[in-house]
There are 2 protein chains.
Amino acid sequence: MSAKEENTLPMGMFMDLERSGPIPLYFQVSQRIEKAILSGELPAGSRLENEVALGQRLGLSRPTVRRAIQEIVDKGLLVRRRGIGTQVVHGQVTRKVELTSLYDDLTNTHKVPSTHLLALETRVADAKTAERLGVAEGSPTLYIRRVRLADDVPVAVMENWLPEEFIGIEPNDLVAHGLYQVLRSRGVTMRVARQHIGARKSTNEESVLLEIEKNAALLTMDRTAFDNSGRAVEFGQHCYRPDLYSFEVTLVEK
Amino acid sequence: MSAKEENTLPMGMFMDLERSGPIPLYFQVSQRIEKAILSGELPAGSRLENEVALGQRLGLSRPTVRRAIQEIVDKGLLVRRRGIGTQVVHGQVTRKVELTSLYDDLTNTHKVPSTHLLALETRVADAKTAERLGVAEGSPTLYIRRVRLADDVPVAVMENWLPEEFIGIEPNDLVAHGLYQVLRSRGVTMRVARQHIGARKSTNEESVLLEIEKNAALLTMDRTAFDNSGRAVEFGQHCYRPDLYSFEVTLVEK
DNA sequence: CAGTGGTCTAGACCACCGA
DNA sequence: CGGTGGTCTAGACCACTGA
């Protein structure tokens with residue numbers, strides 16, 4: 001009778017799905033279940049109703065319900081065991097690393113972001129840049145260097161290289177909206193990003209820009225991002241003040 | 001007639017699927033496609049055969065083929081566009097961060113791992129440990145502190161706390177097999193892990209243990225891992241030599 | 001317009017688990 | 001044994017893309 005483990009909460013009546021709207025049914029269902037977990041309505045360790053029963057109550061087929069649940073399993077909030085059922089994972093929920101820009105991260109935590117633009121110029125691609133962007137060595141690229149600040153405190157120094165077609169981006173847009181927002185407004189959608197996270201000491205110049213002591217420890221991240229056609233659209237080399245920024249990752253074993 | 005983009009390689013006859021074995025069909029298919037991408041048989045930018053046609057040629061239903069392709073999309077090797085098709089992402093492939101132990105990482109890169117065991121003892125859970133492991137403050141936990149080496153060069157200092165039930169783990173097993181392997185042999189399967197990656201300066205003791213200069217930059221990672229019932233089974237606080245270790249992450253926008 | 005992926009259905013059989 | 005999730009089928013309709 002231990003209430004913690006056996007607590008089957010079949011979320012009463014809170015389902016009125018929009019069957020003809022543009023939002024997929026599985027997504028509507030997964031969002032509501034996720035909301036119930038995050039709000040504590042489905043506490044850690046509680047069991048979810050089984051897939052068939054849930055499907056019948058909602059008037060959905062089993063594959064649709066299953067996909068909804070799988071979405072949340074992939075986020076690390078639910079755990080499934082064959083023959084047992086689906087349970088809410090213990091442990092407080094943390095935000096996941098997502099394919100977003102630093103700008104988005106900062107606004108999400110209710111800090112006011114701003115930008116000091118250090119460089120915005122055309123540069124010839126060296127070997128490394130050419131390889132990362134998948135362009136010919138020696139071809140022109142757009143080079144950007146910025147300091148990003150949160151509540152007027154410097155957080156990161158960011159260098160970016162973009163393919164030739166983006167030469168012409170306005171400095172004002174970059175300062176006002178952030179790089180990823182500018183790219184989105186030009187019809188570019190990021191799909192895949194490969195990141196490399198490490199650490200090193202700061203250079204003297206970086207220490208000044210970030211307002212930290214000399215030879216301080218820095219968190220570094222290199223990233224190459226690809227759009228929905230698979231072409232590289234951005235290559236970045238960034239370093240962060242580790243007292244103000246870090247990465248969260250949720251891993252799910254398949 | 002640009003061979004790069006239009007290169008439809010329908011991978012000739014290399015499909016003889018085992019329909020009655022224990023390996024799922026979608027997995028067999030996804031593995032072969034992935035292999036074809038990694039081997040260069042399907043070069044960057046080439047288009048995959050469409051889902052229905054592929055299903056017919058393989059004698060599989062569309063959902064099964066679709067799931068096989070989706071697996072690879074989630075790994076960041078393929079990109080799908082409605083009305084267009086499925087293409088191989090540009091850019092060289094890198095290994096993904098996975099839910100594995102450091103021990104596994106090192107053996108995969110063909111270095112010989114070893115361990116210096118610094119501590120293996122019972123400790124009372126303080127507030128932080130109790131919260132991370134989901135146990136009562138003051139309850140006994142197993143505390144482990146190790147230096148991990150690759151080819152006899154120190155790479156990381158690792159601290160771990162485990163719930164009461166694991167008290168009794170043998171020092172010899174820990175040195176010979178690594179923590180995750182010991183847990184697996186006790187029937188524990190990791191399912192979800194939440195990691196936090198940052199950076200800081202090394203303490204004097206860490207500098208000695210890792211054979212680096214004082215106040216060097218360190219890469220740090222905290223992790224809480226959960227088993228398939230959703231219970232926390234391990235909480236770790238680790239620091240790495242950034243010249244020998246870093247994290248790779250592949251992000252896929254859904 | 002024809003072709004593509006995105007979603008959804010209503011079943012089915014199986015493997016694994018606890019009682 | 002009954003209940004659970006894991007896999008698979010053979011269709012269907014839709015939204016989006018390019019020519």
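As the structure is a computational prediction, the values presented were derived from the model and not from experiment. Hydrogens, waters and symmetry mates are skipped; everything else that's a heavy atom, side chains included, is used. Residue numbers begin at 1 in each chain, while the letters A, B, ... track the order of the sequences.
The distance from atom CG of B:Leu25 to atom P of C:dC14 is 14 Å, rounded to the nearest whole Å. Nucleotide C:dA10 holds its C1' atom 17 Å from the CG atom of A:Leu54, rounded to whole Å. In this structure, A:Gln70 places its CD atom 17 Å from C1' of C:dT7, rounding to the nearest Å. Residue B:Arg81 contributes atom CZ, which lies 12 Å from atom P of C:dG6 at whole-angstrom precision. Atom P of nucleotide C:dC16 and atom CG of B:Asn228 are separated by 14 Å, given to the nearest angstrom. Between the C1' atom of D:dG5 and the CZ atom of A:Arg47 lies a distance of 13 Å, rounded to the nearest Å. When rounded to the nearest whole Å, the span between CD1 of B:Ile23 and P of D:dG6 equals 18 Å. The CG atom of A:Asp74 sits 11 Å away from the P atom of D:dG6 (whole-angstrom rounding).
Taking only side-chain atoms of A:Pro63, from C-beta outward, the nucleotide of D:dT17, C:dA10, D:dT9 with the closest atom is C:dA10. Listed nucleotides: D:dT7, C:dT4, C:dC8. Nearest to the side chain of B:Asn50: C:dT4.
A:Thr141 contributes a side-chain N or O that, together with a main-chain N or O of A:Arg123, makes up a donor-acceptor pair within less than 3.5 Å. B:Gln28 contributes a side-chain N or O that, together with a main-chain N or O of B:Glu18, makes up a donor-acceptor pair within less than 3.5 Å. Judged by distance alone, with hydrogens and angles left aside, the side-chain atoms of A:Asp173 form no donor-acceptor pair with the main-chain N or O of A:Ala176 at under 3.5 Å.
With the nearest nucleotide of DNA chain C identified for both A:Leu60 and B:Gly85, B:Gly85 has the one nearer the 5' end.
Proximity of B:Tyr26 to the phosphate of D:dT7: a side-chain N or O atom is located under 4.0 Å from OP1 or OP2. Taking 4.0 angstrom as the limit, A:Arg67 places none of its side-chain polar atoms (N or O) nearer than this to OP1 or OP2 of C:dT9. Distances shorter than 4.0 Å separate some side-chain N or O of B:Arg66 from OP1 or OP2 on C:dG6. Remark: A:Thr86 is in phosphate contact with D:dG5, judged by side-chain N or O atoms under 4.0 Å from OP1 or OP2. Within the 4.0 Å cut-off from OP1 or OP2 of C:dG6, at least one side-chain nitrogen or oxygen of B:Arg80 is found.
A:Glu137 is linked by a salt bridge (charged side-chain N to carboxylate O under 4.0 Å, His left out) to nothing, counting only residues two or more places apart in sequence or in another chain.
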Just the table, please: protein N/O against nucleotides 13-15 of chain D N/O, every pair under 3.5 Å.
| from | atom 1 | to | atom 2 | distance (Å) |
| --- | --- | --- | --- | --- |
| D:dA15 | O4' | B:Arg82 | NH1 | 2.9 |

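With rounding to the nearest 0.5 Å, the separation of OH in A:Tyr143 from OG1 in A:Thr122 is 13.0 Å.
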Using distance only, find each side-chain donor-acceptor pair of residues 76-86 of chain B under 3.5 Å and give its atom names and separation, not counting sequence neighbours.
| from | atom 1 | to | atom 2 | distance (Å) |
| --- | --- | --- | --- | --- |
| B:Arg80 | NH1 | B:Glu51 | OE2 | 2.7 |
| B:Arg80 | NH2 | B:Gln70 | OE1 | 2.3 |
| B:Arg81 | NE | A:Asn228 | O | 3.3 |
| B:Arg81 | NH2 | B:Gln87 | OE1 | 3.1 |

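Within 4.0 Å (heavy atoms only), A:Pro24 reaches sugar-phosphate atoms of the nucleic acid but no base atom.
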Does the pair B:Arg186 and B:Glu165 meet the rule for a salt bridge (charged side-chain N to carboxylate O under 4.0 Å, His left out), with working shown? CA-CA 11 Å; B:Arg186 294 169 73 112; B:Glu165 59 185 291; over 6 Å; no

